[in-house]
Enquirer: 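Right, I'll just put the structure down here and ask away after.
Sequence lines set the chain letters: A, B, ... in the order given, protein chains first and strands last, and positions in each chain run from 1.
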Protein chains: 2
Amino acid sequence: MLDHSILETLPRELQKEALESIRIMRFPPGKVLFQAGEHCQGLPLMLSGAVKVQMTGVSGNSIVLYRMGADDICTLSIGCLMTGYGYRAEAVVEEESEAAMVPRGLFDRLMDQSAAFRLGIMESYGRRLDDLMLLVEEVAFRRMDERLEEWLQARRSPIHITHQELAVELGTAREVVSRLLKELERKSRVRLARGKIELIGS
Amino acid sequence: MLDHSILETLPRELQKEALESIRIMRFPPGKVLFQAGEHCQGLPLMLSGAVKVQMTGVSGNSIVLYRMGADDICTLSIGCLMTGYGYRAEAVVEEESEAAMVPRGLFDRLMDQSAAFRLGIMESYGRRLDDLMLLVEEVAFRRMDERLEEWLQARRSPIHITHQELAVELGTAREVVSRLLKELERKSRVRLARGKIELIGS
DNA sequence: GAGATCAGTGTGACTTTATCACTGAACTGT
DNA sequence: ACAGTTCAGTGATAAAGTCACACTGATCTC
């Protein structure tokens with residue numbers, strides 16, 4: 001049940017405590033783990049699945065910041081727990097996910113007593129920082145048509161997504177995505193349908 | 001010498017080890033602490049001063065990601081040390097700074113034995129994450145004229161900076177800054193001179 | 001101190017991206 | 001089958017980024 005998890009690496013005694021105080025939860029696709037402004041209810045440690053973290057600006061526009069997968073701990077939640085401020089972003093489940101909800105006390109003890117756990121946390125933080133730095137560069141300097149094409153090429157055709165969702169992925173406006181996609185269709189690089197994009201000859 | 005530092009909080013024995021293995025270094029403004037691609041030579045723990053961290057995209061454009069001040073540990077360096085990858089960004093001293101260079105071994109022991117140190121690290125990470133998330137939103141969705149005005153209003157007139165440097169602060173092109181500033185001058189909100197911007201009536 | 005040099009700035013022309021307003025097409029439920 | 005809703009397309013306009021080049025003020029050289 002804790003297979004493939006960072007929790008496996010814990011010393012026996014801690015593992016026992018962990019198994020007792022941790023709640024394992026399942027989340028279906030679409031489930032909102034937390035929203036902007038809410039306060040942290042416990043640290044989700046992902047065991048499987050995929051969750052996207054996105055934020056909405058004052059303008060009302062949204063952008064996907066990064067994704068979490070197995071063995072990631074939600075670094076945003078750590079920050080919320082430590083500072084007591086509310087979340088700045090929201091987390092939405094993309095693929096059926098399992099997560100261990102770690103209470104504050106156990107988290108502190110794990111940090112205190114397990115070097116492996118600490119390493120896992122630091123790695124999660126490092127990845128997040130790296131993801132965000134790359135994103136800043138993308139958004140600030142790269143052309144939208146290139147970013148769109150890369151995004152499309154990184155998936156399997158057909159891709160089921162609306163233009164609006166794709167706009168949030170890239171941090172742009174829906175109209176921009178529509179126009180760029182239409183342009184790609186004119187070049188016969190994609191075939192468009194409502195809520196679906198087929199890649200041609202890649 | 002370690003006044004105002006997170007290192008003060010350490011238990012006596014660790015503090016002794018810290019004082020022995022840590023090198024305190026002074027850096028003058030303009031000093032480059034590290035550059036993109038380089039490998040980590042030790043964790044800088046800032047004691048005083050200010051350092052900006054900026055990155056350069058493939059396009060050659062640069063953007064300031066965040067700033068470090070007293071009691072910040074360089075989270076980027078932690079990541080580099082853990083993963084062995086080179087830095088993705090560069091760090092430039094803005095104000096005369098002092099930093100304690102913490103070797104890997106001591107860092108691990110501090111993380112292991114001092115809850116206060118761990119908390120400091122987590123807070124540094126939290127701030128970085130928060131800074132970067134806000135930056136993503138700014139860059140993706142906010143108007144450049146607003147961002148420029150805010151940046152200007154946050155300083156004391158006169159501001160000594162070139163348009164190029166200001167462009168890097170905001171992650172845009174020099175020409176854009178020049179034009180927006182000229183527009184502000186036409187509205188009598190600023191007075192421009194070579195390398196200097198005076199704010200009028202604020 | 002006259003010219004050469006160079007970093008810093010200004011600006012026109014053009015492209016790309018964002019925003020606004022609206023139309024129409026495709027799906028949903030009853 | 002119709003009403004309501006979500007999704008997509010597009011023209012007009014504004015903001016921002018890019019490219020090319022001219023100008024200006026500071027510094028250096030002789």
Side-chain angles (χ1 to χ4, degrees), chain A residues 30 56-64 135-152 158-199, chain B residues 30 55-64 135-152 158-198:
Chain A
T56 301
V58 277
S59 60
N61 300 26
S62 299
I63 183 170
V64 172
L135 182 59
V136 168
E137 204 238 297
E138 281 234 346
V139 170
F141 302 130
R142 298 199 48 216
R143 294 187 42 147
M144 199 51 79
D145 51 357
E146 281 176 22
R147 293 179 55 210
L148 174 60
E149 284 223 57
E150 272 176 30
W151 194 96
L152 293 173
I159 305 167
H160 291 275
I161 193 170
T162 67
H163 296 185
Q164 178 57 50
E165 288 165 339
L166 196 32
V168 171
E169 290 287 333
L170 299 172
T172 184
R174 198 264 312 158
E175 299 91 315
V176 174
V177 171
S178 288
R179 272 192 257 264
L180 290 175
L181 281 174
K182 212 64 196 161
E183 183 60 28
L184 285 178
E185 192 177 45
R186 271 190 285 275
K187 292 190 206 155
S188 299
R189 321 257 292 99
V190 300
R191 207 179 339 264
L192 299 177
R194 187 187 174 89
K196 188 172 78 169
I197 304 169
E198 286 179 87
L199 307 183
Chain B
M55 100 186 281
T56 301
V58 278
S59 59
N61 300 28
S62 300
I63 183 169
V64 172
L135 182 60
V136 168
E137 203 239 298
E138 281 234 345
V139 170
F141 302 130
R142 297 200 48 215
R143 294 185 41 147
M144 198 51 79
D145 51 358
E146 281 176 22
R147 293 179 56 210
L148 174 61
E149 285 222 57
E150 272 177 29
W151 195 97
L152 293 173
I159 305 166
H160 291 275
I161 193 170
T162 67
H163 297 184
Q164 178 56 52
E165 288 165 339
L166 197 32
V168 171
E169 289 288 332
L170 299 172
T172 183
R174 198 265 312 158
E175 298 92 316
V176 174
V177 171
S178 288
R179 271 192 258 265
L180 290 174
L181 282 174
K182 211 65 195 161
E183 183 60 28
L184 285 178
E185 191 176 47
R186 272 191 284 276
K187 292 189 207 158
S188 299
R189 321 260 289 102
V190 300
R191 208 181 337 267
L192 300 178
R194 190 187 174 89
K196 188 172 78 168
I197 303 169
E198 286 179 88

Enquirer: Please round to the nearest 0.5 Å and tell me the distance separating atom CD1 of A/I161 and atom CD of A/E169.
Expert: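 Answer for the CD1-CD pair, A/I161 versus A/E169, is 5.0 Å.
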Enquirer: What's the CZ-C1' distance between B/R147 and D/dA15, to the nearest Å?
Expert: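 Distance, rounded to whole Å: 14 Å.
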Enquirer: Could you tell me how far apart B/R142 (CZ) and C/dT17 (P) are, to the nearest whole angstrom?
Expert: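 Going from B/R142 (CZ) to C/dT17 (P), I get 22 Å.
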Enquirer: Can you confirm whether more than 12 heavy atoms, excluding those of A/R142, are under 6.0 Å from its CZ atom?
Expert: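 Counting other residues, nucleotides and ligands, CZ of A/R142 exceeds 12 neighbours.
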Enquirer: Would you check if B/V176 and B/L170 make a side-chain contact, meaning some heavy-atom pair closer than 4.5 Å?
Expert: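 A side-chain contact is absent here, since even the closest heavy-atom pair is not under 4.5 Å.
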Enquirer: Rounded to whole angstroms, how far apart are CE on A/M144 and C1' on D/dG17?
Expert: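 Going from CE in A/M144 over to C1' in D/dG17 covers 13 Å.
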Enquirer: Can you measure B/L181 atom CG to C/dG10 atom P for me and round it to whole angstrom units?
Expert: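 So the CG-P distance, B/L181 to C/dG10, works out to 8 Å.
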Enquirer: At less than 3.5 Å, do the side-chain atoms of B/R194 and the base atoms of D/dA26 form a donor-acceptor pair?
Expert: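 By the distance-only test, no, there is no pair.
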Enquirer: May I ask you to evaluate whether A/N61 reaches the phosphate of C/dA18, defined as a side-chain N or O under 4.0 Å from OP1 or OP2?
Expert: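 The answer is no; no side-chain N or O of A/N61 sits under 4.0 Å from OP1 or OP2.
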Enquirer: Can you check whether B/W151 reaches B/V177 side chain to side chain, under 4.5 Å on heavy atoms?
Expert: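 A side-chain contact is absent here, since even the closest heavy-atom pair is not under 4.5 Å.
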Enquirer: First locate atom CG of A/L181, then atom NE2 of A/H163, and finally report the distance between them rounded to the nearest 0.5 Å.
Expert: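 The distance works out to 5.0 Å.
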Enquirer: Can you find a pair of side-chain heavy atoms, one from A/L148 and one from A/L166, that are under 4.5 Å apart?
Expert: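 Contact flag for A/L148/A/L166 side chains = yes.
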Enquirer: Is there a donor-acceptor pair under 3.5 Å between the side chain of A/E165 and the backbone N or O of A/T162?
Expert: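 Here the side-chain-to-backbone pair exists.
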Enquirer: Between the two ends of the helix from C/dG1-D/dC30 to C/dT30-D/dA1, what is the bend in degrees, rounded to 10 degrees, where each end axis spans five pairs?
Expert: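 The end axes of the helix from C/dG1-D/dC30 to C/dT30-D/dA1 are about 30° apart, to the nearest 10°.
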Enquirer: Taking CZ from A/F141 and P from C/dT17, how many angstroms apart are they, rounded to a whole number?
Expert: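 For the pair A/F141 CZ and C/dT17 P, the rounded distance is 15 Å.
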Enquirer: I'd like to check A/I197 versus A/L192 (side-chain heavy atoms, cut-off strictly below 4.5 Å). Are they in contact?
Expert: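 Side chain of A/I197 against side chain of A/L192, heavy atoms only: contact under 4.5 Å found.
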Enquirer: At a heavy-atom distance below 4.0 Å, what parts of residues 162-175 of chain A sit against DNA chain D?
Expert: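 Within residues 162-175 of chain A, the residues near DNA chain D are A/T162, A/H163, A/R174, A/E175.
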Enquirer: What's the separation between atom CZ in B/R174 and atom CD in B/Q164, rounded to the nearest 0.5 Å?
Expert: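 It comes to 7.5 Å.
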Enquirer: For B/I63 and D/dG17, give me the distance from atom CD1 to atom C1', rounded to whole Å.
Expert: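 Those two atoms, CD1 and C1', are 14 Å apart.
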Enquirer: Which heavy atom in B/S62 sits nearest to a heavy atom in A/F141, and how many Å separate them?
Expert: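 For B/S62 and A/F141, the tightest heavy-atom pair comes out as O-CZ, 3.3 Å.
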Enquirer: Once you round it to whole Å, what is the distance between C1' of C/dG10 and CG of B/L184?
Expert: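 Those two atoms, CG and C1', are 15 Å apart.
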Enquirer: I need the CG-C1' distance between B/L148 and D/dA16, as an integer number of Å.
Expert: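 Spelled out: CG on B/L148 to C1' on D/dA16 is 13 Å.
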Enquirer: Nucleotides 13-15 of chain C: which of its N/O atoms have a protein N/O under 3.5 Å away?
Expert:
from, atom 1, to, atom 2, distance (Å)
C/dA13, N6, B/R179, NH2, 3.3

Enquirer: Is B/E150 salt-bridged to B/R147, going by a charged N under 4.0 Å from an acidic O?
Expert: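 B/R147 and B/E150: not salt-bridged.
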